[in-house]
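A short write-up of the structure that comes next.
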Amino acid sequence: MDKTFQPAEIESRWYQEWESKGYFAPRDGDGAYCIMIPPPNVTGSLHMGHGFQETIMDALIRYHRMRGESTLWQVGTDHAGIATQMVVERQLEAQGVSRHDLGREQFIEKVWEWKEESGGTITRQLRRLGASLDWSRERFTMDEGLSNAVQEVFIRLYREGLIYRGKRLVNWDPVLHTAISDLEVVSEEEKGHLWHFRYPLAGGEGHLVVATTRPETMLGDAAVAVHPEDERYAHLVGRMVELPLTGRQIPVIADDYVDREFGTGCVKITPAHDFNDYEMGKRHGLPLINILDDDAAIGGEAPEAYLGMDRFAARKQIVADLDALGLLEKIDDHTLKVPRGDRSGVVIEPYLTNQWYVDARALAGPAIEAVENGDIQFVPKQWENTYFAWMRDIQDWCISRQLWWGHRIPAWYDDHGHVYVGESERAVREQHQLADEMSLRQDDDVLDTWFSSALWTFSTLGWPEETPELAKFHPTSVLVTGFDIIFFWVARMIMMTLHFRNEVPFHTVYVHGLVRDAEGQKMSKSKGNVLDPIDLIDGIDLETLVTKRISGMMQPQLAAKIEKATRKQFPEGIAPYGTDALRFTYYSLASTGRDIKFDIGRIEGFRNFCNKIWNAARYVMMNCEGQDCGQDESLPVELGLADRWIIGKLQETEAAVERAFENYRFDHASQALHEFIWNEYCDWYLELSKPALGDPEASEAAVRGTRRTLIRVLEAWLRLLHPLMPFITEEIWQSVAPLAGKSGPTIMLQPFPNSAPEAMDSAANADIEWLKGVIVGIRNIRGEMKISLGKELTVQLRNGGEDDKRRLQENATFLKKLAKLSDIVWLEEGDEAPAAATALVGQLEILIPMAGLIDKDAELARLSKEVTRLETELKRIAGKLNNSNFVDKAPAEVVAKEREKMQAQELALQKLKEQEQRISQL
RNA sequence: AGGACUAUAGCUCAGUUGGUUAGAGCGCUACCUUGACAUGGUAGAGGUCCCCAGUUCGAAUCUGGGUAGUCCUACCA
């Protein structure tokens with residue numbers, strides 16, 4: 001074995017082995033366990049958030065696989081309609097070609113080409129993380145099978161009246177030329193203006209003033225509204241005003257939606273270009289006057305003078321024209337929320353179009369109930385509130401997108417605009433007995449990508465066929481996801497699955513936090529703070545990292561800033577840490593919090609942990625390979641104190657890890673393992689094993705017992721650690737297992753360790769704690785008195801009880817070795833004690849003679865520090881015990897515990913004071 | 001505007017049902033290349049558990065109020 005752990009070669013070797021041997025596919029087992037991967041964008045690449053999520057799923061999957069369950073981790077990607085189409089369009093653009101030049105069919109071919117070319121990135125990355133996904137079942141939302149499922153669902157919902165088509169206001173992206181759902185619109189506060197315009201009253205005696213943030217929409221105004229109880233304007237309700245620039249007259253109406261306090265209290269109403277105005281328009285029977293075209297330039301029923309003008313140019317023009325007419329009252333600065341498309345970043349326009357909708361309200365009922373009655377549980381539970389809040393106020397879901405890349409809507413129109421929904425044109429003709437010569441035209445639109453991902457849990461298992469996989473693995477066990485897509489995806493999956501399968505898609509939703517950078521900032525390409533998990537695994541030099549971060553940016557002007565920040569944060573680039581260290585870091589961060597700040601310091605610590613594991617195994621192998629380590633069960637075995645202790649501690653750790661897995665507390669699992677392996681197994685057990693193995697007087701059975709414990713405990717914790725650190729555990733396990741009497745081709749398929757409570761050994765724990773106490777006491781004096789470790793000491797023990805005496809007798813060898821002692825003397829009562837530095841373990845006094853070693857003042861200082869500490873502590877306890885309320889009301893055992901504590905501390909204090917006095921007299 | 005979450009060591013975070021001397025990792029200080037490991041060892045320093053009040057014998061933990069921050073939902077033209 002190498003002296004340091006070198007992950008790179010080990011990782012690729014083992015992943016290939018596992019995959020080629022088919023270990024990732026479900027095997028027969030007790031019960032089924034299934035996780036569906038939240039499908040990443042097929043043309044995308046993994047970021048830190050993915051890494052975190054995949055790593056958590058892999059731990060769960062490996063854990064349940066080792067527990068003997070029939071385990072499926074379904075892999076797949078989604079087609080990411082808008083994102084992918086945008087990428088391909090941009091590529092074409094670079095060649096000076098638009099998608100319209102190519103035409104729909106050719107364009108889609110190009111997209112498929114791009115998918116073939118770039119689709120491997122994400123799956124390669126998943127493999128690098130060690131994800132044990134069943135690649136043989138890989139699916140893609142645009143696959144034939146999944147497309148069939150999408151079509152089936154659309155048709156059935158349509159026939160049930162749960163999908164309808166309607167002309168409504170939608171969120172229109174004027175650059176992407178498509179409708180998007182409410183969830184795809186992000187509103188951020190931006191600085192803008194509030195323009196005040198005078199609208200003259202028809203008849204010519206005066207005007208009223210309206211305020212607007214979007215002046216250009218005035219071309220489409222259909223009314224001016226005031227509050228019904230607003231006395232200032234009561235006399236105007238029912239009158240008409242002249243709408244400037246349009247030659248139209250519009251009425252003044254009363255509606256209590258109007259806020260009297262805001263602006264002038266008069267609101268211009270533009271039903272075709274504002275969601276609230278649309279609703280008000282419906283209440284008052286106002287006309288919908290569209291004044292935009294698909295590019296959000298002025299169009300529709302707008303006055304000719306403005307036709308074709310871009311909306312923002314028109315805004316300027318209209319303000320200028322009104323000003324010229326003397327109708328501009330004033331312009332105020334105003335901060336407002338501007339809705340932008342989450343993909344394009346452009347300002348979204350409410351725009352009147354024909355779209356397809358899902359009646360979400362109807363589907364929401366059962367979906368709410370499933371969470372209320374516990375069929376589905378969120379972890380942490382608080383996310384259920386988020387879910388309920390959204391579901392109880394759910395809006396109909398606009399599912400049509402004016403894109404080419406996606407599932408085309410299976411609807412055909414005749415020349416009269418009648419719509420026919422069915423599997424194909426032929427099916428539609430047959431069903432409705434339409435003559436062959438009658439022309440039919442398929443709907444141009446495709447479905448929202450989330451429409452197909454909503455079917456993910458069952459469509460990937462073969463639905464609408466009733467496959468054996470569907471029967472076995474559905475409902476799935478747990479969904480692992482971020483809270484940012486509870487609405488987008490989780491809620492919609494629950495609705496669709498309940499409707500079509502009459503069962504939940506999953507029993508548990510584990511909601512994890514979002515990975516942020518070290519400053520707590522969200523990682524994003526435009527901020528230039530993204531980290532590629534693969535770069536943490538393989539390492540990356542600074543120049544490559546900088547280039548990677550500033551290339552292909554939407555806003556190249558930020559490049560300099562990003563370069564500077566990157567050079568500052570990673571002056572040396574990023575070192576290679578390996579997959580296991582990265583994974584363990586993720587787990588250690590997976591607590592219940594919402595934000596996960598990724599600190600590079602953590603991963604370095606866990607890389608060191610990997611090295612520790614590697615070297616511990618190296619030590620064990622050096623001592624066990626080619627030796628008798630108890631493989632022959634018929635030979636006698638004697639277990640020493642340390643052996644019994646570490647076996648017990650292993651059981652405790654196994655129980656803690658299991659509990660952590662059951663509660664999705666991966667941070668607890670990683671902490672328990674880290675603590676056990678480093679602070680117990682390595683720091684103490686391995687050190688204790690050295691004198692045990694080196695003891696010339698030890699019996700063969702005892703040495704065999706130590707070797708057997710070394711190797712078996714190691715073998716067990718390798719399995720315990722495997723779901724979190726798959727590679728290093730596999731590599732080591734291969735050589736360790738045979739010596740521990742285990743065999744098998746891979747650790748992956750070995751049973752997960754079960755805690756055996758009967759092997760926990762409280763007597764051994766107590767003895768080891770005593771041993772540690774004595775050693776630490778001596779080391780402490782050594783440390784503070786600057787006595788080098790090379791100097792062997794003689795210590796004297798005094799005032800101990802029977803237990804102390806026994807423990808000393810049994811462990812003198814260990815004490816000598818670990819505390820570097822030449823001799824230990826037990827002082828009987830009456831024996832003369834020299835001037836010495838003192839440590840206490842319970843009642844037992846440990847004396848280190850000062851002669852020539854220890855400075856009087858230094859020891860006095862040390863003692864006085866200790867005395868002060870004890871006195872403070874004693875005062876606190878005494879205060880408690882002198883309080884009759886405490887003594888009367890607190891549980892007897894708590895009081896007894898405090899009394900005990902006080903007695904022990906008093907005794908200790910007394911001894912230290914005596915010691916202080918004695919030394920000061922020297 | 002409504003709601004949620006967070007606040008613990010210099011930094012990143014644990015802290016189960018109220019009773020610990022409030023913990024870990026990283027960082028820091030001192031010493032140490034001893035045969036698994038310097039990606040290491042040993043020892044150490046470091047905390048007003050955001051603030052105020054309350055409940056309680058007892059509060060980092062429970063309740064109320066406040067402050068700061070983050071996020072979500074809905075928005076006033």
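A, B, ... follow the sequence lines: proteins, then strands. Residue 1 opens every chain.
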rG18(B) to rG25(B) separation - P atoms, rounded to the nearest Å:
28 Å

Look at the side chain of Tyr257(A) and decide which nucleotide, out of rA43(B), rA24(B), rA77(B), has an atom nearest to it.
rA77(B)

Could you tell me whether Asp259(A) contacts a base, only the sugar-phosphate backbone, or nothing, with contacts defined as non-hydrogen atoms closer than 4.0 Å?
base

Taking only residues two or more places apart in sequence or in another chain, which ones pass side-chain contact (heavy atoms from CB on, under 4.5 Å) with Asp255(A)?
Tyr257(A), Met280(A), Arg283(A), His284(A)

When all nucleic acid strands are considered with a 4.0 Å heavy-atom cut-off, which category describes Cys610(A): base, sugar-phosphate, or nothing?
nothing

Do Gln6(A) and Thr4(A) get their side chains close enough for a donor-acceptor pair, meaning under 3.5 Å?
yes

Assign the ring pair His512(A) / Phe52(A) to parallel, tilted or perpendicular, where the plane angle (0 to 90°) is split at 30° and 60°.
perpendicular

Non-hydrogen side-chain atoms of Lys816(A) and Ser822(A) separated by less than 4.5 Å
no

Would you indicate, yes or no, if rG19(B) has its OP1 or OP2 atom less than 4.0 angstrom from a side-chain nitrogen or oxygen of Lys880(A)?
no

Asn615(A) side chain, from C-beta outward: closest of rU12(B), rG41(B), rC37(B)
rC37(B)

For rU42(B), does either OP1 or OP2 sit under 4.0 Å from a side-chain N or O belonging to Trp684(A)?
no

Residue pair Gln395(A) / Asp182(A), side-chain heavy-atom distance below 4.5 Å
yes

Base partner of rA7(B), which must satisfy Watson-Crick or wobble distances under 3.5 Å
rU67(B)

For Trp195(A), which contact category applies under a 4.0 Å heavy-atom criterion: base, sugar-phosphate, or nothing?
nothing

Tell me what His196(A) touches on the nucleic acid: a base, only sugar-phosphate, or nothing, going by heavy atoms under 4.0 Å.
nothing

Using the P atom as the point on both nucleotides, what is the distance between rU61(B) and rG54(B), in whole Å?
14 Å

Can you sort out the partners of Arg198(A) under side-chain contact (heavy atoms from CB on, under 4.5 Å), two or more places apart, ordered by chain and number?
His207(A), Val209(A), Leu327(A), Glu329(A)

Whole-angstrom distance between rG69(B) and rA30(B), as gauged at atom C1'
39 Å

Reckon Glu792(A) touches a base, only the sugar-phosphate, or nothing at all at heavy-atom distances under 4.0 Å?
nothing

Considering Watson-Crick and G-U wobble pairs with both distances under 3.5 Å, what does rU48(B) pair with?
none

I'd like to know if Lys690(A) reaches the base of rA36(B) with its side chain such that a donor and an acceptor end up less than 3.5 angstrom apart.
yes

Identity of whatever pairs with rG18(B) - Watson-Crick or G-U, under 3.5 angstrom:
none

Taking the side chain as everything from C-beta on, heavy atoms only, tell me whether Arg899(A) gets closer than 4.5 Å to Leu881(A).
yes

Heavy atoms only, 4.0 Å cut-off, all strands: where does Arg869(A) land among base, sugar-phosphate and nothing?
base

Which is true for Thr212(A) with a 4.0 Å heavy-atom rule: it touches a base, it touches only sugar-phosphate, or it touches nothing?
sugar-phosphate

Arg607(A) near the nucleic acid: base, sugar-phosphate alone, or nothing, with a heavy-atom cut-off under 4.0 Å?
base

May I ask you to say what Leu336(A) touches in the nucleic acid, namely base, sugar-phosphate or nothing, with a heavy-atom cut-off under 4.0 Å?
sugar-phosphate

Need one value for Arg665(A): base, sugar-phosphate or nothing, where a base atom within 4.0 Å counts as base even if backbone is also close, heavy atoms only.
sugar-phosphate

Just checking Gln903(A): does its CD atom have more than 12 heavy atoms from other residues, nucleotides or ligands closer to it than 6.0 angstrom?
no

Partner of rA60(B) by Watson-Crick or G-U wobble geometry, both contacts under 3.5 Å, or none?
none

I want to check a possible cation-pi pair here: Lys690(A) against Tyr619(A), using under 6.0 Å from ring centre and within 45° of the ring axis as the test.
yes

Which value, in whole Å, describes the distance between the C1' atoms of nucleotides rA7(B) and rU12(B)?
14 Å

Minimum-distance nucleotide (side-chain atoms of Thr213(A) versus rU34(B), rA77(B), rC57(B)):
rA77(B)

Whole-Å P distance, rU56(B) and rU67(B)
27 Å

Is the shortest side-chain N/O distance from Asn883(A) to OP1 or OP2 of rG58(B) below 4.0 Å?
no

If you check every side-chain atom of Phe262(A), which of rA77(B), rC57(B), rA36(B) has the closest atom?
rA77(B)

Hunt down the Watson-Crick or G-U wobble partner of rU33(B), both distances under 3.5 Å, from any strand shown, or write none.
none

Assert: residue with more 5' nearest nucleotide on RNA chain B, out of Met622(A) and Trp383(A), is Trp383(A)

Report which part of the nucleic acid Ala389(A) touches: base, sugar-phosphate, or nothing (heavy-atom distance under 4.0 Å, all strands).
nothing

Is Lys612(A) side chain donor-acceptor paired with the rC37(B) base, going by distance under 3.5 Å alone?
yes

Inter-nucleotide P distance (rU48(B), rA43(B)), Å rounded
26 Å

For the base of rU12(B), is there a side-chain donor-acceptor partner from Arg602(A) under 3.5 Å away?
yes

Under 4.0 Å: is that the gap between some side-chain N or O of Asn608(A) and OP1 or OP2 of rG40(B)?
yes

For Lys820(A), report the nucleic acid contact type (base, sugar-phosphate, nothing); a contact means any heavy atom under 4.0 Å.
base

Mate of rA1(B) across any strand shown (Watson-Crick or G-U wobble, both atom pairs under 3.5 Å) is rU73(B)

Calculate the interatomic distance between Asp667(A) atom CG and rG15(B) atom P; express it in whole Å.
7 Å

How far does the P atom of rC37(B) sit from the matching atom of rG47(B), given to the nearest Å?
37 Å

Give the residues of residues 588-598 of chain A touching RNA chain B, defined as any heavy atom closer than 4.0 Å, sorted by residue number.
Ser591(A), Arg594(A), Asp595(A), Lys597(A)

Between rG46(B) and rU34(B), how far is it from one C1' atom to the other, in whole Å?
30 Å

Can you tell me whether the side chain of Glu675(A) and the base of rA14(B) have a donor-acceptor pair closer than 3.5 Å?
no

When the ring centroid of Trp614(A) is compared with that of Phe5(A), is the distance short of 6.0 Å?
yes

Measuring from the side chain of Glu873(A) (C-beta onward, heavy atoms only), which nucleotide among rA43(B), rU21(B), rA77(B) has the closest atom?
rU21(B)

Under 6.0 Å from the six-membered ring centre of Tyr586(A) and within 45° of its axis: does the NZ or CZ of Arg583(A) meet both?
no

